[in-house]
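Some notes on the structure that comes next.
Numbers restart at 1 for each chain; the letters A, B, ... are given by sequence-line order, proteins then strands. Just so you know, these numbers use all the heavy atoms, side chains as well, and skip hydrogens, waters and symmetry mates.
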There are 2 protein chains.
Amino acid sequence: MAATKARKRRSSYHHGDLSNALVRAAIDLISSENSEQITLREVSRRVGVNHRAVYRHFSDLTSLLAAVAEQGYGELLATLQHALATLPAGKGVPKLAARRMEALAIAYVGFAFDRPAHYRIMFGRRMNEDGRFPALEGAALKAYELLQSELDAGVATGEFKDRPRRELVFGFWSLTHGFASLALVRRIKLKRTFVEPYVRQIVGPFIAGL
Amino acid sequence: MAATKARKRRSSYHHGDLSNALVRAAIDLISSENSEQITLREVSRRVGVNHRAVYRHFSDLTSLLAAVAEQGYGELLATLQHALATLPAGKGVPKLAARRMEALAIAYVGFAFDRPAHYRIMFGRRMNEDGRFPALEGAALKAYELLQSELDAGVATGEFKDRPRRELVFGFWSLTHGFASLALVRRIKLKRTFVEPYVRQIVGPFIAGL
DNA sequence: ACCTGAACACCGTTCAAGT
DNA sequence: ACCTGAACACCGTTCAAGT
């Protein structure tokens, strides 16, 4: 049974598909409740190839994790964009920029709650310290730029004070990332259901100070 | 040479000293530039005992790491207290509470910069998720209470708005922890020298919103 | 009571080989 | 070009034994 499955699968890895299959398997692995850690050997087992085959497509485990993280940043960006798009507000609403920042914060923390293992890899030490993976840097930058353009908009309408943009973005990101991190290690105890009201209160002082 | 050293040391582990020696060795290990990871085997090697001896004092690797983390929370608390004690201000200074919160933020991030590996263990996943280690919870709580009493003081003088205290503390903690984390994984690039001015700008909006 | 030795089931990675 | 097998140097942990 298992052998047949592996054989069938393997036939499709002759056209550069293995690379994607490995990344998908790795994401599946950490998305399932029971398994938290990505190992090179477990991922290749799931795909049905010898673990050495991975090295044909990724120079090491860290490279594979970087691909997973890159995909994660893409998902995060989509989540944030979706949160803005579905915001009920129209124009002329008072404090629109503040409400948009709030929606971003809620969506950000929600993402970390929904994909904890993925989030941890994205912000883990392995691939972030050196700028080894340009595609990863690019994906992270896009999320950064989304935050920046929102803050820009708030400053443009005069709703936010005109402070150095970089510090505003990093401040907001630090706040949401810090909250998500503390919640994931359960230093802050919080059920998924209460993310929305809680985040609102947490970011309250920050947004009020913009 | 190495054998003599190990022998000499070992003679003192008959009175419950091994436990402390292991924790100290683990902290030494992560404090030295070259080594980032604590392994049970490396720690026991440094102390000069068989790696199995560790299990006499710690039920597993995680327990040893929890002891390291607990010590870290103690150091962090001392760092924060010291920052408040050496703050040049006297009474009657305007915005005293804000300046004290700022000093705490700077000291907090500075600690993470100075002891990165230690900080990572303190906020790592291994021992925080379940409340397995009451001593660790207690040490973390003391740091929490320091922040809370500062915010209380600010509210008492009317300098800060009277919001739910828990949200204020978690907000401040999220902000400083998030900034420290992002800096440690180099998503925020920052030299140790610039921690002070940078943190001041980052926490600016938050403190202004208190 | 406290420590050790050998063994087990895992890792990531290297070298040399198979098709 | 793409994948495999055997081997290496590491892990944490268990079992049974030494003093």
Q. For A:Y119 and A:Y108, does a side-chain donor sit closer than 3.5 Å to a side-chain acceptor?
A.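 Their side chains do contain a donor-acceptor pair, which is all the 3.5 Å distance test asks for.
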
Q. Between the side chains of A:D60 and A:S63, does any donor sit under 3.5 Å from an acceptor?
A.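 The answer is yes; a qualifying pair exists.
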
Protein-nucleotide distance ([X], atom [atom1]; [N], atom [atom2]), rounded to Å:
X     : N      : atom1 : atom2 : value
A:Q37 : C:dC11 : CD    : P     : 9 Å
A:E42 : C:dG12 : CD    : P     : 10 Å
B:L65 : D:dG12 : CG    : C1'   : 12 Å
B:L40 : C:dC10 : CG    : P     : 19 Å
B:H51 : D:dT13 : NE2   : C1'   : 8 Å
B:L61 : D:dC10 : CG    : P     : 18 Å
A:I38 : C:dG12 : CD1   : P     : 11 Å
A:R41 : D:dA7  : CZ    : C1'   : 11 Å

Among the nucleotides [options], which one has an atom lying closest to any side-chain atom of [X]?
X     : options               : result
B:R52 : C:dG5, D:dT13, C:dG12 : C:dG5
A:V49 : D:dT4, D:dT13, C:dT13 : D:dT4
A:N50 : C:dC3, D:dT13, D:dT4  : D:dT4

Q: Once you apply the 3.5 Å cut-off to both distances, tell me the Watson-Crick or G-U wobble partner of C:dA6, or none.
A: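 D:dT14 - that is the nucleotide pairing with C:dA6, both distances being under 3.5 Å.
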
**Q.** Pair assignment for D:dA1, Watson-Crick or G-U wobble, requiring both distances under 3.5 Å
**A.**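 C:dT19 is the nucleotide pairing with D:dA1.
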
Can you find a side chain N or O atom of [X] that sits less than 4.0 Å from OP1 or OP2 on [N]?
X     : N      : answer
B:H57 : C:dC3  : yes
B:R45 : D:dC11 : yes
A:Y55 : C:dT13 : yes

Q. Counting only heavy atoms not in A:K189, do more than 12 fall under 6.0 Å of its NZ?
A.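 For A:K189, atom NZ is crowded (more than 12 foreign heavy atoms under 6.0 Å).
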
Q | Member of A:L76, A:V68, A:L65 meeting the side-chain contact (heavy atoms from CB on, under 4.5 Å) criterion with A:M122 | A |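 Testing each of A:L76, A:V68, A:L65 against A:M122, the sole residue satisfying side-chain contact (heavy atoms from CB on, under 4.5 Å) is A:L76.
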
Q.
Show, in sequence, the C-alpha distance, side-chain angles and deciding distance for A:F172 and B:F206, and conclude whether the ring-ring contact (aromatic ring centres under 6.0 Å, His included) test is met.
A. CA-CA 9 Å; A:F172 183 81; B:F206 186 86; over 10 Å; no

**Q.** Pairwise 5' ranking along DNA chain D for B:R56 and B:R126, keeping only the more 5' one
**A.**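 Looking at DNA chain D, the more 5' nearest nucleotide goes with B:R126.
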
